[in-house]
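Read the structure below first, then the notes.
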Amino acid sequence: MEETRIYRFLSGELNEQECRELIDWVNASESNRLMFSELKNTWTVSGLSEQMTNEDIQKEYNIFLTRRENLDIPQVSVPEKEKNSYSIGYYLLRIAAVLLLIYGSGITYLHLQNNNDQEYYEIYTRRGEKSQLVLSDGTKIWIN
């Protein structure tokens, strides 16, 4: 039913009251706007506009403008794509995350390197015997 009303609107066959009802219907939901837009595009591309002369097109356009002014149709402005603007805190947070990753990787590497260098020794001496042991860092240990 709405398809017929939309085509009648596009061809200029609706009266003022029917136009208002159609506009209210279109503004009621996003799916209605989508349906209206698709049918309008189909009507435009269908070749009906090719049968019209330039004078007819100009006349139809003037009729459209007059109707729009008479119906007080609110103009819908499409918002421009917002520029991605990030605050300084956003960039500082990113830098901190990278530094934390580098720091954590370095600590992990050093920890793994130190664990590999450790050597364990067991030294036994007989009862009453004294022995001296020199460790790799130069520390001297007496064992008795």
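The model shown is predicted, which means the values in this text are computed figures rather than measured ones. Start at 1 with the first residue, then count along the sequence.
Under a cut-off of 6.0 angstrom, the local environment of CZ in R94 is sparse, with at most 12 non-hydrogen atoms contributed by other residues, nucleotides or ligands. Heavy-atom neighbours of I88 CD1 from other residues, nucleotides or ligands within 6.0 Å: at or below the threshold of 12.
One finds the CG atom of L133 at 11.0 Å from the OG1 atom of T125 (value rounded to the nearest 0.5 Å). Atom OH of Y90 is separated from atom CD1 of I95 by 11.5 Å, given to the nearest 0.5 angstrom. Put simply, CD1 on I141 and CD on Q132 are 9.5 Å apart, with the number rounded to the nearest 0.5 Å. Atom CD1 of I107 is separated from atom CD1 of I102 by 13.0 Å, given to the nearest 0.5 angstrom. Note that the CG atom of L22 and the CZ atom of F36 stand 6.0 Å from one another [nearest 0.5 Å]. Residue L110 holds its CG atom at 11.0 Å from OG of S105, rounded to the nearest 0.5 Å.
In terms of heavy-atom proximity, V26 sits nearest to N32 at O-CB, 3.9 Å. The two residues K140 and V134 come nearest to each other via the heavy atoms CG-CG2, 4.0 Å.
Between the S37 side chain and the R33 main chain, no donor and acceptor come within less than 3.5 Å of each other.
The shortest distance between side-chain heavy atoms of W25 and M35 falls below 4.5 Å.
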